[in-house]
Number of protein chains: 2
Amino acid sequence: MANLKQLAHSLGLSITTVSRALDGYSDVSAATRARVREAAETAGYRPNASARRLRKQRAELVAVTLPSDPGHVGPPHFLDMLSGCAEHLAAAGLNLVIAPVPRGVSELEICQRFVDGRRVDAMLLVRTKRKDERVEYLQSRGIPFVTNGRTESLVPHPFIDGDGFAGFRAATLRFHAAGHRRIGHIAGPQEYYFAHVRRRGWQAAMEECGLAIDLCAEGAPLEQGGYLAALELLRQPSRPTALVCATDEMAIGALRALREVDGGSQISIVGHDDLPMGAFTSPPLSTMRMTGENLGATFASLLLRAIAGEPAEDLQELHAVEFVDRDSHRRPPLAA
Amino acid sequence: MANLKQLAHSLGLSITTVSRALDGYSDVSAATRARVREAAETAGYRPNASARRLRKQRAELVAVTLPSDPGHVGPPHFLDMLSGCAEHLAAAGLNLVIAPVPRGVSELEICQRFVDGRRVDAMLLVRTKRKDERVEYLQSRGIPFVTNGRTESLVPHPFIDGDGFAGFRAATLRFHAAGHRRIGHIAGPQEYYFAHVRRRGWQAAMEECGLAIDLCAEGAPLEQGGYLAALELLRQPSRPTALVCATDEMAIGALRALREVDGGSQISIVGHDDLPMGAFTSPPLSTMRMTGENLGATFASLLLRAIAGEPAEDLQELHAVEFVDRDSHRRPPLAA
DNA sequence: AGCATTCTCCAAAACGTTTTGGGAGTCAAC
DNA sequence: GTTGACTCCCAAAACGTTTTGGAGAATGCT
């Protein structure tokens with residue numbers, strides 16, 4: 001309840017001294033410092049955040065835009081990542097605000113609203129697009145930011161991403177080595193960088209193996225999208241014997257399509273993200289995951305370094321993608 | 001980039017007049033108001049948020065605490081709810097900050113940190129416990145808040161909740177009517193209100209039917225928890241023929257246990273939450289869901305009304321729980 | 001003693017906004 | 001020509017903090 005003025009008055013000291021004592025400056029004697037700290041403690045004093053922010057010209061806030069399209073903000077573990085990130089930012093005195101994008105408003109506008117009103121010190125961007133107007137805007141304003149996912153921006157910016165190209169290429173080659181020749185891809189919306197790069201990984205492997213790249217269907221990155229895309233591929237005259245899916249959610253949707261069409265045990269399948277749910281599907285879903293501990297913490301750390309002014313080139317993390325061996329990829333490559 | 005002083009200077013007006021023109025006060029002439037608005041527009045003026053907050057003694061921020069226990073912040077659709085809520089709060093000039101609770105810190109401490117530092121105008125609480133210290137604290141400080149889930153607090157507070165008791169009672173009675181006599185319950189941690197009330201609903205139905213309430217196992221509200229709890233019930237000498245699960249995630253874990261133990265098609269099962277994933281499990285998961293459109297918007301609306309000072313009694317919403325008929329609940333009640 | 005140095009402390013300014021309490025000026029009524 | 005009402009504007013205070021630029025006293029050094 002108390003503010004600095006009251007605290008100073010009750011101690012017979014000036015506001016300046018109390019403020020500096022609490023901040024641990026050396027120009028206040030150890031004795032007074034202890035006395036001030038003690039008094040602040042018992043009075044339950046907390047500096048008023050708005051006042052500090054105004055004076056220090058820092059918002060102590062970071063915003064993350066949450067895409068509302070396509071109907072779903074992100075993979076289910078996404079909030080865990082945000083939570084981990086917020087936790088580490090909080091240790092540095094920054095709070096994380098979530099900035100959903102209402103229908104009919106562009107993500108760019110939301111960025112502008114936060115940046116131009118000096119409501120945030122930095123931004124977090126997720127679900128990057130290949131050409132991402134948010135990135136361009138933030139670069140032009142010189143606001144620190146980190147993206148989850150790369151973009152095709154010509155000027156470098158900080159990011160964390162998994163090497164989806166290598167992951168999907170490896171998964172496809174693995175199927176090829178197991179004898180599969182009809183390997184399909186269930187792709188996410190290609191304007192997203194992650195979806196595009198995963199598709200390219202699959203495509204590169206197919207071309208290396210001299211296989212046709214006709215078995216590709218695109219859908220929303222959700223169960224339903226994967227389901228519909230899988231049905232589309234299963235209608236082909238020469239069906240796939242294996243499916244590489246852009247996300248676990250799409251893979252889970254595809255699993256249902258497989259069950260409906262061929263009883264579910266004929267076609268191999270692999271997803272990406274390592275959702276906890278994947279261990280409980282039928283069959284348990286083989287998948288891939290970005291390596292690295294605690295994505296949220298890494299995210300926070302990169303952001304703090306970006307705020308501290310480190311150059312973008314030093315703040316780019318491309319993580320390897322590792323295979324998670326469960327069961328769904330182990331079906332024999334029988335022609336349907 | 002501009003502030004009020006610069007804007008006023010460039011217009012040859014006082015700061016006061018510019019400020020009041022922008023806020024639409026009637027004591028500035030229509031002509032000047034238009035002129036000011038025009039200039040503000042072209043200068044890209046946005047009031048400095050920190051300054052306004054300091055002056056108005058409002059943080060323009062709302063925090064939601066995110067429990068980090070047990071290893072997972074909430075059901076997968078939880079972020080959608082938060083996002084919807086944040087969107088509606090933003091329309092009222094409030095931003096939503098997420099406040100994760102680090103391991104080793106109590107949720108209460110996090111609340112205090114935000115409230116005592118006047119960092120927020122109100123709070124959102126999720127995953128309420130039967131006896132919730134956060135609720136007691138916020139009530140004692142007189143800070144507006146809304147909980148997602150009821151508590152056993154003696155003094156009323158605003159909440160939104162589903163009628164888990166009625167839902168689980170009805171589900172259990174439905175199984176009884178279908179001929180089941182060994183109906184088990186997979187319960188969540190009983191300190192949580194939602195878990196406790198769902199268990200009581202099952203129990204009430206069992207007692208009404210004169211059935212023993214021995215088939216109950218408790219676990220973490222995740223797939224793994226449901227899996228282990230189901231295994232425990234399936235080890236009983238007299239197995240259940242139907243399972244009522246506290247959450248869909250637990251139900252999905254239980255589905256795997258059923259597949260492992262009896263091939264998966266013998267025992268009926270029903271969950272709660274209506275996760276999108278449930279439509280894609282094998283078999284598709286019958287479940288329950290709280291009725292009502294757009295939970296996030298309702299949440300935001302209650303919060304705004306709480307801030308406006310409406311009494312808690314008027315801000316309590318108990319929603320009916322409706323059954324979602326898929327397939328997993330339709331197994332015949334064969335003794336195992 | 002005189003001077004520089006060090007140790008404590010503080011008054012005042014600044015951050016950018018909103019709001020209070022008027023102050024001119026105009027106009028109509030008396 | 002005074003009064004009152006009304007319109008349009010503004011100076012200054014306030015919100016609570018951090019930081020600048022010293023001031024005063026004590027100490028050390030020559």
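Order of the sequence lines sets the chain letters (A, B, ...), proteins ahead of strands, with each chain counted from 1.
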Look only at the side chain of B:Arg33 and the backbone of B:Tyr25, and say whether a donor-acceptor pair between them is shorter than 3.5 Å.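 A pair under 3.5 Å: yes.
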
Check every strand shown and say whether [X] touches a base, only sugar-phosphate, or nothing at a heavy-atom separation below 4.0 Å.
X	value
A:Ser29	sugar-phosphate
B:Thr16	base
B:Leu13	sugar-phosphate

Nucleotide [N], atom [atom2] - distance to [atom1] of [X] in whole Å:
X	N	atom1	atom2	result
A:Glu60	C:dC15	CD	P	18 Å
B:Tyr45	C:dG16	OH	P	10 Å
A:Arg35	C:dC9	CZ	C1'	12 Å
A:Ile15	C:dA14	CD1	P	17 Å
A:Leu22	D:dT19	CG	C1'	15 Å
A:Lys5	D:dA13	NZ	C1'	11 Å
A:Leu11	C:dC10	CG	P	10 Å
B:Arg20	C:dG21	CZ	C1'	11 Å

When you measure from the side-chain N and O atoms of A:Thr17 to the phosphate of C:dC10, is any distance below 4.0 Å, counting only OP1 and OP2?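 Yes, such a contact exists.
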
Could you tell me if the side chain of [Y] sits less than 4.5 Å from the side chain of [X], heavy atoms only?
X	Y	result
A:Glu41	A:Arg37	no
A:Arg150	A:Thr128	no
B:Glu152	B:His196	yes

Listed in order of residue number, which residues of residues 50-58 of chain B have a non-hydrogen atom at under 4.0 Å from DNA chain C?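 Nucleic-acid contacts, sorted: B:Ala51, B:Arg52, B:Arg55, B:Lys56.
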
Candidates [options] - which lies nearest the side chain of [X]:
X	options	result
A:Asn48	C:dT19, D:dG16, C:dT8	D:dG16
B:Leu4	C:dT8, C:dT17, D:dT20	C:dT17
A:Asn3	D:dT17, C:dT18, D:dC8	D:dT17

How close do A:Ile110 and A:Ala99 get, heavy atom to heavy atom, and via which atoms?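 Nearest heavy atoms, A:Ile110 then A:Ala99: CG2-CB, 3.8 Å.
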
Taking all heavy atoms of B:Leu125 and all of B:Cys111, pick out the closest pair and write down the distance.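 Shortest heavy-atom contact: CD1-SG, 4.4 Å.
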
Given DNA chain D, 5'-ward residue of the pair B:Arg33 and A:Asp23, judged by closest heavy atom: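 Checking each residue's closest nucleotide, the 5'-ward one belongs to B:Arg33.
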
Using heavy-atom distances to pick each residue's nearest nucleotide on DNA chain D, tell me which of A:Tyr25 and B:Ala30 is more 5'.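 This one resolves to B:Ala30.
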
What's the spacing between A:Tyr192 OH and A:Thr151 OG1 if we round to 0.5 Å?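 Nearest 0.5 Å value for the OH-OG1 distance: 14.5 Å.
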
Does any donor-acceptor pair link the side chain of B:Asp27 with the base of D:dC9 at a separation under 3.5 Å?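 In this structure, the two groups form a donor-acceptor pair.
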
With a 6.0 Å cut-off (strictly less than), is the heavy-atom count around CD of B:Glu38, excluding the residue itself, greater than 12?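 Not more than 12 within 6.0 Å, no.
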
